[in-house]
Amino acid sequence: MIRGSPPGPTVKCNSGDFDCTVTNGYGIFPDRSTCKVASVARPSNEADLLSIVSDASQKKQHMKVVTVYSHSMPKLSCPGGPEGKGLVISTIKLNKVVSVDPLKRQMTVESGITLRGLIDAAAANGLALPHSPYWQGMTLGGLIGTGSHGSSIFGKGAAVHEYVVGVRLVVPSPVAVNGKFAKVVTLVEGDEDLLAAKVSLGVLGVLSQVTMQLEPMFKRSITNRFERDEGFQNRISAFASLTEYGDITWYPSQGKVVFRDDFKVPITTKGKGLNDFTGFRPQARLVIEGIRASEELLEATNNAGGKCVLAKGQVEILVQSGQGLKNRDGGLLDFTGYPVIGNQSDLQASGSCLKGNNDLLLTACSWDDRIRGLLFHQTTVSIPISDAASFITDVKKLRDADRDSLCGTELYSGFLMRFVKASTAYLGKTSDSVDIDITYYRSNDPLEPRLDEDVLEEIEQMALFKYKGMPHWGKNRNVGFVGMREKLGVKGESFVKAMERFDPDGLFSSDWTDAVLGLRGKGLTVEKQGCALEGLCVCSKDEHCAPKKGYVCRGGRVYGDARVCRKVEGVIEGMSERKVEL
């Protein structure tokens with residue numbers, strides 16, 4: 001049985017805990033930069049954490065938190081200040097349950113506990129986390145810090161931070177407090193600053209402990225309905241209002257859509273279902289590298305049709321296997337049909353590639369950077385539910401102009417649509433939204449254009465700018481965060497004020513977070529040769545694309561204000577300096 005080599009460390013040091021580099025769980029940041037730090041600290045408890053932050057604060061050393069698997073794509077774990085002089089604080093040892101209150105149905109845990117650890121600890125006490133993301137490898141501190149969520153607009157919604165009722169936060173202090181240049185701040189429901197601490201991007205300080213509001217264990221019943229996609233966009237809003245945990249997966253090139261009917265059932269309902277999502281399972285290294293090599297070959301030979309063939313086969317396998325759901329009813333097959341019924345703790349998240357002992361990388365998670373695994377971009381944007389039908393209609397127009405153009409997304413589970421409720425958290429969602437998650441091929445060469453690059457760039461810009469979408473804080477390329485200060489409005493101003501109170505010297509800030517929040521004159525985009533290929537800029541001239549390979553900057557076909565890198569036959573060298581009027 002394949003169990004999977006666990007992921008490698010995201011902090012690597014040349015001398016003990018000193019002279020280190022920091023990366024994310026994919027081994028690459030959006031701008032491909034290397035993050036160098038002076039050292040890493042690994043506190044075991046809050047007292048350790050207080051001393052570490054105090055020491056760095058006294059020295060005016062910039063700091064960032066790094067989690068055990070570091071699954072945020074942007075540079076949230078890279079400290080600011082002079083390169084190579086910062087400190088990263090690992091929460092790998094801050095992973096314990098502090099207390100459980102059965103009467104209040106509350107549990108206090110350290111911020112470094114993984115989602116799977118939290119789910120299992122709650123289940124051991126007969127309790128359930130109401131909602132969660134689908135990937136179980138994130139830590140609680142990391143997932144609430146980036147506003148991570150499941151799918152629901154029922155009740156408080158699907159964002160985990162909506163169930164946070166208290167935190168303990170270690171923050172710098174410019175002056176000594178009880179002999180320390182740091183202090184512990186306790187926030188509970190009713191404290192306005194909790195609205196800043198719930199989703200903070202790690203710029204307020206270090207979350208030490210989090211208290212979660214849970215509920216008694218319950219079961220869910222899941223049925224995936226596969227349909228043609230004619231007119232499905234007109235049913236999105238109604239579906240969101242009817243399914244408590246459901247989502248939608250769209251395979252645009254195949255014209256197929258999957259509605260996941262997913263709702264609570266009594267705990268006494270028969271069923272031992274389990275979610276072991278196929279994409280999060282361990283895979284043999286030879287299989288992973290073979291898949292990547294196949295996609296690279298199709299890219300190199302401009303064979304979009306080949307991607308369509310692979311995608312069709314892959315989707316068929318997903319259909320037959322229940323997309324990783326297991327009935328566990330004692331039969332010979334893992335999946336025997338719908339509905340799949342099981343405990344919330346067994347269905348809400350998965351990630352079996354994290355389990356098992358090191359087998360020298362014979363097996364791994366498919367994106368493990370220690371092998372030639374999958375490398376991809378993610379564009380994840382929430383648009384108001386009221387605009388979802390119009391957005392999908394626009395995407396269909398692009399799809400219909402070239403049916404093969406979006407097959408590449410179907411190799412990465414198509415367009416995943418989850419529902420997220422408006423939040424009171426300052427950096428939370430500003431309206432009830434459809435969160436649209438698109439994953440697609442990324443080249444090992446930053447100057448190599450992708451097949452049908454222009455189509456995905458137009459969709460990205462359409463979601464962000466035409467429909468004023470909100471990016472997922474833990475995903476997206478640089479262009480995804482352009483204009484965020486304006487989109488957040490008054491809530492953004494309130495967050496910045498809280499940030500200035502908690503960390504007046506900006507020791508937990510960095511160029512990246514400053515740019516995202518529109519502070520200190522920092523810019524998000526980087527204009528240079530090929531910058532649009534990696535989402536570091538929106539092209540404004542041909543050299544931002546790859547003119548020598550036929551990719552030049554052009555306007556959008558459906559969204560006219562978009563500026564995309566399109567392959568144009570007969571492009572002559574010398575056009576690379578042509579300005580594109582915006």
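Computed from a prediction, not measured in an experiment: that's the story for all the values here.
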Would Ser77 and Thr10 count as a side chain to side chain contact (heavy atoms under 4.5 Å, CB included) if you check the C-alpha gap in whole Å, the side-chain angles of each, and the deciding distance to 0.1 Å? CA-CA 10 Å; Ser77 57; Thr10 54; over 6 Å; no
Taking side chain as C-beta onward, heavy atoms only, is [X] less than 4.5 Å from [Y]?
X: Phe391; Y: Val381; value: no
X: Ile52; Y: Leu87; value: yes
X: Met499; Y: Phe508; value: no

Under a 4.0 Å threshold between the charged nitrogen and the carboxylate oxygen, would [Y] count as salt-bridged to [X]?
X: Arg501; Y: Asp193; answer: yes
X: Arg418; Y: Asp247; answer: no
X: Glu493; Y: Arg485; answer: yes
X: Glu110; Y: Lys93; answer: no
X: Lys466; Y: Asp387; answer: no
X: Glu453; Y: Arg450; answer: yes
X: Glu162; Y: Lys421; answer: no

Given Leu94 and Leu207, is the side chain to side chain contact (heavy atoms under 4.5 Å, CB included) satisfied, shown in steps? CA-CA 10 Å; Leu94 296 175; Leu207 278 174; over 6 Å; no
Between [X] and [Y], which heavy-atom pair has the shortest distance, and what is it?
X: Leu507; Y: Ser57; answer: CD1-CA, 3.7 Å
X: Glu448; Y: Ser443; answer: CB-OG, 3.4 Å
X: Gly112; Y: Thr139; answer: O-CG2, 3.5 Å
X: Thr23; Y: Ile28; answer: OG1-N, 3.4 Å
X: Tyr412; Y: Thr439; answer: CB-O, 3.4 Å
X: Glu46; Y: Val184; answer: OE1-CG2, 3.9 Å

Going through the distances and angles, do Asp437 and Tyr134 end up as a side chain to side chain contact (heavy atoms under 4.5 Å, CB included)? CA-CA 12 Å; Asp437 197 330; Tyr134 298 172; over 6 Å; no
Stepwise side chain to side chain contact (heavy atoms under 4.5 Å, CB included) check, Phe465 with Asp561: CA-CA 9 Å; Phe465 307 136; Asp561 290 341; over 6 Å; no
Measuring from Leu194:CG to Thr424:OG1, what's the distance to the nearest 0.5 Å? 8.5 Å
Give a yes/no on whether the SG-to-SG distance for Cys35 versus Cys78 is below 2.5 Å. yes
Would you say the ring centers of Trp135 and Phe280 fall short of 6.0 Å from each other? yes
What about Trp512 and Phe481, are their ring centers closer than 6.0 Å? yes
For the side chain of Asn45 and the backbone of Ala47, is there at least one donor-acceptor N/O pair under 3.5 Å apart? yes
Between the main-chain N or O of Gly80 and the side-chain N or O of Ser510, is there a donor-acceptor pair closer than 3.5 Å? no
Indicate whether any N or O donor in one side chain lies under 3.5 Å from an N or O acceptor in the other, for [X] and [Y].
X: Thr108; Y: Gln209; value: no
X: Lys75; Y: Ser33; value: yes
X: Tyr69; Y: Thr114; value: no

Over 60° means perpendicular and under 30° means parallel, so tell me whether His472 and His149 are parallel, tilted or perpendicular. tilted
So, applying side chain to side chain donor-acceptor pair (under 3.5 Å) with Ser423, which one of Lys491, Lys198, His161 is it? His161
Have a look at Gln213 and tell me which of Arg105, Gln106, Lys104 forms a side chain to side chain donor-acceptor pair (under 3.5 Å) with it. Gln106
Result of checking Arg477, Arg32, Lys528 against Glu534 for salt bridge (charged side-chain N to carboxylate O under 4.0 Å, His left out): Arg32
Going through the checks in order, is the disulfide bond (SG atoms under 2.5 Å apart) test met by Cys565 and Cys545? CA-CA 6 Å; Cys565 295; Cys545 301; 2.1 Å; yes
